[in-house]
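Since the structure comes first, as structure tokens, the remarks are kept for the end.
Counting starts at 1 for both ligands and their atoms, following the listed order. These numbers come from a predicted model, not from an experiment.
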Amino acid sequence: MSIQDILRTMDYGTAPEDASIVTAWLEKHQNGLGHFIDGAFTDPGETFEVANPATGEVIAHVTQGSEADVDAAVAAARRAQPKWAALSGHERARYLYAIARHVQQHTRFLAVLETIDNGKPIRESRDIDVPLVARHFYHHAGWAELAEDEFAGTEPYGVCGQVIPWNFPLLMLAWKIAPALAAGNTVVLKPAEYTPLTALAFAEICVEVGLPAGVVNIVTGDGATGAAIVAHKGVDKVAFTGSTEVGRRIREQTAGTGKGLTLELGGKSPFVVMQDADLDAAVEGVVDAIWFNQGQVCCAGARVLVAEAVEDRLVAKLTARMKTLRVGDPLDKNTDMGAIVHPVQLARIRRLMEEGAAEGVTITQGEAPEGCFYPPTLVTDVAPASVLSTEEIFGPVVTVTPFRTPDDAVELANNTAYGLAASIWSENVNTCLDLAGQIKAGVVWINCTNVFDAGAGFGGYRESGFGREGGREGMMAYRRHHARRGEVVEPAEPHAIPGENAGAGIDRTAKLYIGGRQARPDSGYVYQVPGGLAGLGNRKDIRNAVEAAAKAGSWGAQTGHNRAQVLYYLGENLSARAAEFTERLAAFGASKADAKAEVDCAIRRCFWHAAQADKFDGAVHATKSAHVTLAMHEPLGIIGIVCPDVAPLAGLISLVLPAIAMGNRVVVVPSQSKPLAATDFYQVLETSDMPGGVVNIVTGPRDALAKTLAEHDGVDGMWYVGGAGAMVEKASAGNLKQTWVEPDRARDWIGADGQGRGFLHRATQVKNIWVPYGA
Ligand code: NAI
């Protein structure tokens, strides 16, 4: 055999990793493993089997967590939390540093255990998972040290309930536990039932470093145990990574509980190859995008979108490269792809592939041994609507779809309900950055893929969930602004009066404001309010308003400077009519002085937000040495805003202004009992060069309109002030809108807490764009 033959076939021997330290550990625990609660391991209870997916061999028996176990863990976390939060940031940092060091010392053990439990190649667990775990604890030791300076005005949530999946068992644990602890919380974490072992090994590290009892609690079990953690009254914040289906259920389950919530869910991420891309580099990119971790990666580049002109060349190169991938023993250091985590997942991949095959797609595959393995797979001749292009397969299967123009590429990329990640390949940086701005995803990799670092935020747009893990934005997911408890003011249901001119002698009838025009309510009904009559809006009006907002998308693409001009103009025009607005508020029963203070506040809010429009900018994260990572603040899109009944003008301005300053469009339901300040406000909008559709106002029954907004798939976020926050959160689960709900008197709208960076954070989501730099 010639050297060329050897290189072509890559037929070289095996290089098995020595697993003896893990075998010894498993033997030590052969009678079963309990939970880790209050600093100690419990005796094993009712157990379930954990198997090595590569061999099918049962390697451990792990305890199925009961409600009583969850109770005990939450109680321990609750007891420990005040003491943990009372430590100085420096003291907390010392523990996190110690954890990082111990993880490094145990790297080989943890990597082998992870590989045996999960089936991923040792090359990945050793070189990617475990080093990133250590990096995460180091980085967050830093945040612990700085927490008091960097997050002034915020406090830890308290006890965090964390549920993680099986694809990166130890890494997901680190992503959850490190920021929670750095921020002063204590945790109850449940690893996935397929892969609980490294979490228990991590608990041993907590003992080794002398972490105070109760700060970290690990409860093992299945979805029922996870559900018990999520539902537990003693949990203040829930953080979940897993399927969108379960994430949606958790959104519904936590609605109205006041618990903080972050969700990191599924994806179907595009991998865009432009005509001028370096195709060989892009092929290696696809290997890392979809054949890394057997494709069981939430941000896997599962949809290759390729410029038509280079499709054939790319497919030929990909096919050749795919056939060189070695699938097999995960403990072999030469293995490229290991085992699928569990036969249930293998069956799921096969089922989806059968469904796809029935559609007539072309399937090309590499090789895989018998057992819980699946070969690397390339699917061509596949329609964008195919089950293989739309469903998250969570296996080593990539589809290839051609496009003609960059606009087509963007359209195809965004043709999904998800928005976790995207990868863009072109030798032209202008093209890359242009597409990066248009693709709806929380993470964008330019000429690279699946790059992670503790210093950058990770998380999705749309149905991929909300909240970020990593970096400053990830820390903010574990701190909240000091809570204020407000009372709820419930206005009486508006009494419908037919016809717009009913109630002779009442001074005026205000219309709705949709798409930059005054509009009659669809119902034809009005209702009586102080100072006149207001339109009784209904579902149809909300739908029209959302449609109008959807057409005003260019607002978000304008520069901050341009938006600022409009907001300054708005402030000036409001100022010119200050006396009229003061009179209106006084007519609602406010004292002259209070009315004037509210109008003055509204004017100042316009100027403050105009100032912020081009200043609330993002960051450049210091991530890996060969990249800069741009953390861009992007608008959510369309936000439904349901205003407080108190402070009818200042409440509305305080909510609408941050939303539009950051480039969102809004559908606003003003104070139900005193809406005429808002309808006066649209006359100011009309004279201020505000493009039609950016602000839409629908008056009427607050909670009924809120429900329609929350259920509407075209609405990306919901801000609701009032008594029906639970309903709003639950109804928002459909497309996993970001929500912000508060009782009516939760804040003093006219005072300082009616404005601030917190509002701007809520109006934006961070897109992290990884750009090669200095390499
Ligand atoms: P899953 O979402 O059911 O499991 C993830 C975690 O949630 C596990 O710890 C599980 O025990 C827990 N869990 C399940 N039901 C729960 C509930 N009602 N309340 C609280 N916790 C609950 O995901 P599964 O069934 O393992 O995988 C199914 C599909 O989900 C995969 O094929 C893949 O498409 C997707 N998935 C996505 C992940 C991601 O990182 N985005 C990770 C794992 C799965």
Side-chain angles (χ1 to χ4, degrees), residues 48 50 53 62 64-65 67 70 117-120 161-173 175-176 188-199 218-232 235 238-254 259 261-269 290 292-300 302 340-353 374 387-388 390-397 416-421 442-443 450 452 458-460 462-467 469 733 736:
F48 58 92
V50 176
V62 170
Q64 167 64 25
E67 287 199 5
V70 171
D117 197 12
N118 168 279
K120 62 174 68 203
Q162 307 181 314
V163 178
I164 57 170
W166 40 259
N167 50 348
F168 295 91
L170 192 60
L171 184 57
M172 288 301 107
L173 172 146
W175 281 24
K176 295 277 180 288
V188 176
L189 175 136
K190 189 196 84 65
E193 53 272 45
Y194 299 157
T195 55
L197 298 181
T198 44
I218 310 278
V219 179
T220 49
D222 60 11
T225 315
I229 294 174
V230 169
H232 201 288
V235 167
V238 172
F240 172 78
T241 299
S243 61
T244 296
E245 188 197 338
V246 173
R248 197 171 273 132
R249 221 176 305 148
I250 291 177
R251 164 69 292 182
E252 288 171 358
Q253 209 183 336
T254 53
K259 288 176 187 169
L261 178 64
T262 44
L263 298 173
E264 202 271 90
L265 309 175
K268 191 76 184 173
S269 298
I290 193 70
F292 165 55
N293 203 24
Q294 297 71 248
Q296 303 167 131
V297 183
C298 50
C299 51
I340 299 297
V341 72
H342 193 275
V344 167
Q345 282 299 120
L346 182 64
R348 184 188 138 90
I349 298 168
R350 288 191 172 139
R351 175 176 57 76
L352 285 166
M353 286 304 295
Y374 198 84
V387 64
L388 299 179
T390 54
E391 279 263 331
E392 184 177 40
I393 300 172
F394 233 61
V397 179
T416 165
Y418 296 116
L420 191 49
V443 184
N450 276 342
F452 309 102
F458 181 91
R462 309 204 276 187
E463 292 184 30
S464 292
F466 43 78
E469 300 188 295
L736 288 161

Exercise. Are Arg249 and Glu245 ion-paired here, with the side-chain N under 4.0 Å from a carboxylate O?
Worked result: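 A salt bridge is present here (some side-chain N lies under 4.0 Å from a carboxylate O).
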I need the atoms of ligand 1 closer than 4.0 Å to a non-hydrogen atom of [X], numbered in the order shown.
X	answer
Val246	2 (O), 3 (O), 15 (N), 16 (C), 17 (C), 22 (C)
Pro165	42 (C), 43 (C)
Lys190	8 (C), 9 (O), 10 (C), 11 (O)
Arg348	32 (O), 34 (O)
Gly226	19 (N), 20 (C), 21 (N)
Glu193	8 (C), 9 (O), 10 (C), 11 (O)
Ile164	6 (C), 8 (C), 9 (O)
Thr241	40 (O)

Exercise. Does Phe240 reach the side chain of Leu265, with side-chain heavy atoms less than 4.5 Å apart?
Worked result: yes
Problem set entry | The one among Gly247, Pro191, Gly460, Ser243 that brings a heavy atom closest to atom 23 (O) of ligand 1 | Ser243
Quick one: look at [X] and ligand 1, take heavy-atom pairs under 4.0 Å, and tell me if it's side chain, backbone, both or neither.
X	result
Gln345	side chain
Asp222	backbone
Arg249	side chain

Does an N or O from [X], backbone or side chain, lie closer than 3.5 Å to an N or O of ligand 1?
X	value
Tyr194	no
Glu264	no
Leu265	yes
Val163	no

Suppose we measure from [atom] to each protein heavy atom; which comes out shortest, and what is that distance?
atom	value
atom 39 (C) of ligand 1	Cys298 CB, 3.4 Å
atom 33 (C) of ligand 1	Phe394 CG, 3.3 Å
atom 13 (N) of ligand 1	Gly223 CA, 3.6 Å

Problem set entry | Which residues share a salt bridge (charged side-chain N to carboxylate O under 4.0 Å, His left out) with Glu469, sequence neighbours left out | Lys176
Exercise. Is the shortest distance from atom 9 (O) of ligand 1 to a protein heavy atom below 4.0 Å?
Worked result: yes
Problem set entry | Verify atom 4 (O) of ligand 1: protein non-hydrogen atom under 4.0 angstrom away |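 Protein heavy atom within 4.0 Å of atom 4 (O) of ligand 1: absent.
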For this session: May I ask you to check whether Phe168 and Phe292 place their ring centres under 6.0 Å from each other?
Result: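 Ring centroids of Phe292 and Phe168 are less than 6.0 Å from each other.
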For this session: Sequence neighbours left out, what passes side chain to side chain contact (heavy atoms under 4.5 Å, CB included) with Glu391? Give chain and number order.
Result: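 Result, side chain to side chain contact (heavy atoms under 4.5 Å, CB included) vs Glu391: Arg348, Leu352, Val387.
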